[in-house]
Student: 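Sharing a structure, written as structure tokens. Questions coming.
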Amino acid sequence: MSEKKYTTTSGIEIKALYTEAKPMEELPGEFPFTRGIQKDMYRGRLWTMRQYAGFSTAEESNKRYHYLLAQGTTGLSVAFDLPTQIGYDSDHEMADGEVGKVGVAIDSLKDIEILFDGIELKNITTSMTINATASILLAMYIALAKKQGADLKQISGTIQNDILKEYAARGTYIYPPKQSMRLITDIFEFCSKEVPKWNTISISGYHIREAGSTAVQELAFTLANGKTYLKAAIDKGLDINVFAKRLSFFFNCHNNFFEEIAKFRAARRMWAKITKDLGAADEKAQMLRFHTQTGGSTLTAQQPLNNVIRVSNQAMAAILGGTQSLHTNGYDEALSLPTESAAKIALRTQQIIAFESGVTDTVDPLAGSFFVESLTDEVEAAAWAYVDRIDAMGGSVNAIESNYMQNEIADASYQYQKEIENGQRISVGVNKFTQEEEGLTEVFNIDDSIRKLQSEKLEYLKATRDGDAVEKALQKLEEAAKGEKNLMPLIIDAVEKYATLGEIADVFRRTFGVY
């Protein structure tokens, strides 16, 4: 009878015993940053404790933000509803049934003013999970910062703005790839001069993993996309030593503890090489900085309190892997948006790890582990094989247009599900250790009346704003979109006149077309 074979989620074989690894000569804070981007890591500064939140109306989400800030959250992370993500106002027929459901509904600058009411943008970092309409939401945020009197050179935060992974894994794209890349590089260029502390893109592996990829595929496809953004910015004439400092990454943290740690360590090493090969000489431009979210797809509706343990395990892996920012999921998110009590437990999970576990007392505590060092090397080698294959195809855009990435993710997802169903892979409470369901007493529900409220607000806005000024701003934007001028100043002008998100997105639909 053959001995059972143990592998990671990416199919990397795990030996029963590791007795050697290559000598560890690297130091934290030094190229290629395997051991972290800071010399003193969490002794100097803890990761930013973010809680991803946004639902219903701006008024309701604002209350949750104040609650989270009062509980000790150190950064806000905004979830937008589906119509906002794909460029439709709440009163559009395509928005029916989706307003306020998976995030907050934002139709105009007025909603952003309400969303951050009582919150000084100069005192908080804000991450916004927005892609196809990222330029419009960033414009609204900048317009509000100006109204608050904040110094734009000092405000900081991140827009996701990663459209390539939308084509590959998630689906909330609007315009064709070339035109989408134009909007992204316009943001790079504008922010490098006007909002220099803003992270202009968060290149996301999170959604690639949620779509069913392995850890290695998540790493490889994310870095291949990052390489494409670097080249697009260089082609626009931007200096890699300047703009690469404002790129960040967004990774998933799944259940396989050591594979996830190895993935994060390999990611820094690979990105350092990619940036250096493309001409980055400044060490800060070679550093991979990343936010982590615990794996949403790992949460189970069965025995939901088990998710507290899953999230703790994943959070610890992200921290031992050297994350700069972390969101921990609520235990009830397989059933609904997180309740306040679930969001609080998720935040307390981070605080207990930070202040009680001792893992923050030394830098890269797992360095030199025979297993971790060997696994980091193996994850890196497997990821480079994918990156080289994508390079041979001509880069990420070609790989996406030929469905290569999509097919690889689909195959991995199918394999994972098959292993769950045949019992090869154990999911506690799902295919083993099951019980009669008790269910949760409290779940978070969003009322369908939100659309009516948002539509009434839109009607009032359009009746009270300066319609001629809006029309002129949109006409100027449309003319510029036909040429090569940077569009960000014109988008900001339009949102300041209270043009709606849908009106601005429609300008680009007419000019760029729909993919």
Side-chain angles (χ1 to χ4, degrees), residues 53-67 76 78-121 126 128 130 132-150 174 337 445-478 489-510:
F55 55 89
S56 184
T57 61
E59 290 87 347
E60 290 301 312
S61 291
N62 176 260
K63 289 177 194 170
R64 177 65 66 91
Y65 294 161
H66 280 285
Y67 171 79
L76 294 176
V78 185
F80 298 97
D81 74 357
L82 194 56
T84 304
Q85 292 181 51
I86 54 176
Y88 292 118
D89 290 333
S90 296
D91 59 358
H92 194 283
E93 62 182 3
M94 291 291 284
D96 191 18
E98 294 294 342
V99 177
K101 289 289 174 72
V102 298
V104 62
I106 299 294
D107 293 318
S108 73
L109 175 58
K110 190 66 73 180
D111 286 322
I112 288 287
E113 290 166 2
I114 296 165
L115 187 67
F116 293 101
D117 185 39
I119 299 168
E120 292 287 331
L121 301 190
T126 305
M128 296 192 281
I130 197 74
T133 52
S135 58
I136 306 169
L137 269 297
L138 176 60
M140 290 179 183
Y141 195 88
I142 289 169
L144 177 59
K146 285 166 70 177
K147 286 188 85 165
Q148 288 186 353
I174 305 173
L337 289 169
N445 292 310
I446 300 294
D447 199 307
D448 279 328
S449 64
I450 300 304
R451 185 175 185 233
K452 185 171 182 289
L453 284 173
Q454 284 295 113
S455 298
E456 286 168 357
K457 280 161 64 178
L458 270 167
E459 191 178 352
Y460 180 76
L461 175 78
K462 289 176 180 178
T464 54
R465 70 186 182 181
D466 184 339
D468 288 341
V470 170
E471 195 54 44
K472 282 178 188 164
L474 292 173
Q475 282 173 2
K476 279 187 196 171
L477 180 61
E478 191 156 351
L490 293 156
I491 299 170
I492 293 168
D493 179 56
V495 303
E496 287 178 330
K497 303 283 196 306
Y498 292 95
T500 70
L501 173 124
E503 288 169 337
I504 296 168
D506 282 346
V507 166
F508 297 141
R509 281 187 179 95
R510 288 194 297 271

Student: Output, in order, the C-alpha distance, side-chain angles, deciding distance and verdict of salt bridge (charged side-chain N to carboxylate O under 4.0 Å, His left out) for Asp506 and Arg510.
Tutor: CA-CA 6 Å; Asp506 282 346; Arg510 288 194 297 271; 5.4 Å; no
Student: Would a distance-only check, ignoring hydrogens and angles, find a side-chain to backbone donor-acceptor pair under 3.5 Å from Arg509 to Gly87?
Tutor: yes
Student: Quick check on side chain to side chain contact (heavy atoms under 4.5 Å, CB included): which of Glu503, Gln454, Lys457 does Asp107 satisfy it with?
Tutor: Gln454
Student: Could you check if a side-chain atom of Ile86 sits within less than 4.5 angstrom of a side-chain atom of Thr133, using non-hydrogen atoms only?
Tutor: no
Student: Hey, does the Lys NZ or Arg CZ of Arg451 hover above the aromatic six-ring of Tyr88, less than 6.0 Å from the centre and inside 45° of the axis?
Tutor: no
Student: Verify the neighbour count for atom NZ of Lys476: are there more than 12 heavy atoms of other residues, nucleotides or ligands below 6.0 Å?
Tutor: no
Student: Taking atom CD of Glu59 as the centre, report whether more than 12 heavy atoms of other residues, nucleotides or ligands fall under 6.0 Å from it.
Tutor: yes
Student: Quick check for you: to the nearest 0.5 Å, what is the distance between His66 atom NE2 and Asp117 atom CG?
Tutor: 6.0 Å
Student: To the nearest 0.5 Å, how far apart are CZ in Phe80 and CG in Leu115?
Tutor: 7.0 Å
Student: Minimum heavy-atom separation for Tyr141 and Thr126, please, with both atom names.
Tutor: OH-OG1, 2.8 Å
Student: Do Tyr65 and Val78 touch side chain to side chain, with heavy atoms closer than 4.5 Å?
Tutor: yes
Student: If you measure from CD1 on Ile106 to CD1 on Ile136, what distance do you get to the nearest 0.5 Å?
Tutor: 12.5 Å
Student: So how far is it from Ile174 CD1 to Phe508 CZ, rounded to the nearest 0.5 Å?
Tutor: 10.0 Å
Student: Checking Glu113 side chain against Leu144 main chain: does a donor-acceptor pair fall under 3.5 Å?
Tutor: no
